[in-house]
Amino acid sequence: MAILYYLFAFLTGVANSTQSGVNSQLRQGLSNPLLAAVGSFAIGFFSLIGLQLIIGGPIPTLEAVRQISWWKWTGGLLGAFYIVTVIVAVPRVGVASLLCLSIAGQLIAAVIYDHYGLMGFVQHSANGWRLLGVVLVLVGAILVVKN
């Protein structure tokens, strides 16, 4: 069963590259990066609502929603930042450069979050192998960006 999660993790990378191109083309069609981001989020929003209606599952009470810390709602802001950045940057730097730099940033942040157990993550020390992996990803990103 774990292989399925690894496959899905890999496919998110494929989807991410594809989404970058799709959203960039939407921007070109609309001549507006913010409207392209709104369109992308709107389709995602309605897709998730439809999926919730089909699959179902528990819906929290209003009181439970009120108890959630403010910062736990900022994922949408971070997603909006990411989408707008991709839409604006991909035509200028290319999808490979953008995603290499994005992945390098993700990995550095992830190793820090894991090392200190931040944001509710289980603590995983930043050992030599992990740090070597970060360095190799950074070197790879530099090579891709340099062409």
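Remember, it's a predicted structure, so these values are computed and weren't measured experimentally. Along the sequence shown, residues carry numbers from 1. Quick note: numbers below take in every heavy atom, side chains included, and nothing from hydrogens, waters or symmetry partners.
The OG atom of Ser40 sits 12.5 Å away from the CG atom of Leu35 when rounded to the nearest 0.5 Å. Separation of atoms CD1 (Ile49) and CD1 (Ile54) is listed at 11.5 Å; rounding is to 0.5 Å. From Leu107, atom CG reaches atom CD1 of Ile112 across 10.0 Å, with rounding to the nearest 0.5 Å. Atoms CG and CG, from Leu53 and Leu48 in turn, are 11.0 Å apart once rounded to the nearest 0.5 Å. The distance from atom CG of Leu143 to atom CG of Leu138, rounded to the nearest 0.5 Å, is 11.0 Å. Gln28 CD to Asn23 CG: the interatomic distance, rounded to the nearest 0.5 Å, is 12.5 Å.
Thr74 places a side-chain N or O within donor-acceptor distance of the main-chain N or O of Trp71, the cut-off being under 3.5 Å. Side-chain atoms of Gln123 come within 3.5 Å of backbone N or O of His115 as a donor-acceptor pair. With hydrogens and angles disregarded, a donor-acceptor distance shorter than 3.5 Å links the side chain of Ser20 to the backbone of Asn16. Side-chain N or O atoms of Thr12 include one that pairs as donor or acceptor with a backbone N or O of Ala9 at under 3.5 Å.
Around the CD1 atom of Ile43, the shell of radius 6.0 Å holds no more than 12 heavy atoms that belong to other residues, nucleotides or ligands. Environment of CZ in Phe81: sparse, with no more than 12 heavy atoms of neighbouring residues, nucleotides or ligands closer than 6.0 Å. Other residues, nucleotides and ligands contribute at most 12 non-hydrogen atoms within 6.0 Å of the CD1 atom of Ile3. Other residues, nucleotides and ligands contribute only 12 or fewer heavy atoms inside 6.0 Å of the OH atom of Tyr116.
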Worked verdict on Ser102 versus Gln106 for side-chain hydrogen bond (donor to acceptor under 3.5 Å, both in side chains): CA-CA 6 Å; Ser102 177; Gln106 288 174 30; 3.1 Å; yes

Stepwise side-chain contact (heavy atoms from CB on, under 4.5 Å) test for Gln19 and Ile83: CA-CA 9 Å; Gln19 180 191 37; Ile83 293 294; 3.4 Å; yes

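Side-chain contact between Asp114 and Arg130: present, with at least one pair of heavy atoms (C-beta onward) separated by less than 4.5 Å.
In the hydrophobic clustering of this structure, Phe10 groups with Tyr5; members are Ile, Leu, Val, Met, Phe, Trp, Tyr whose side-chain heavy atoms approach within less than 4.5 Å, directly or through other members. If you chain together hydrophobic residues whose side chains sit under 4.5 Å apart, Val86 and Val14 never meet in one group. Side-chain heavy atoms closer than 4.5 Å link hydrophobic residues (I, L, V, M, F, W, Y) into clusters, and following such links, even through other members, never connects Leu34 to Ile87. By the criterion of side-chain heavy atoms lying less than 4.5 angstrom apart, applied directly or through intervening Ile, Leu, Val, Met, Phe, Trp or Tyr residues, Val145 is not grouped with Val139; the two fall into different hydrophobic clusters. Each of Phe45 and Tyr82 belongs to its own hydrophobic cluster when Ile, Leu, Val, Met, Phe, Trp and Tyr are linked at side-chain heavy-atom distances under 4.5 angstrom.
Partner of Cys100 under the side chain to side chain contact (heavy atoms under 4.5 Å, CB included) criterion, chosen from Val144, Ile142, Val95: Val144.
Listed here is the closest heavy atom pair of Lys72 and Ile68: CB-CG2, 3.7 Å. The nearest pair of heavy atoms linking Gly57 to Gln52 is O-NE2, 3.7 Å.
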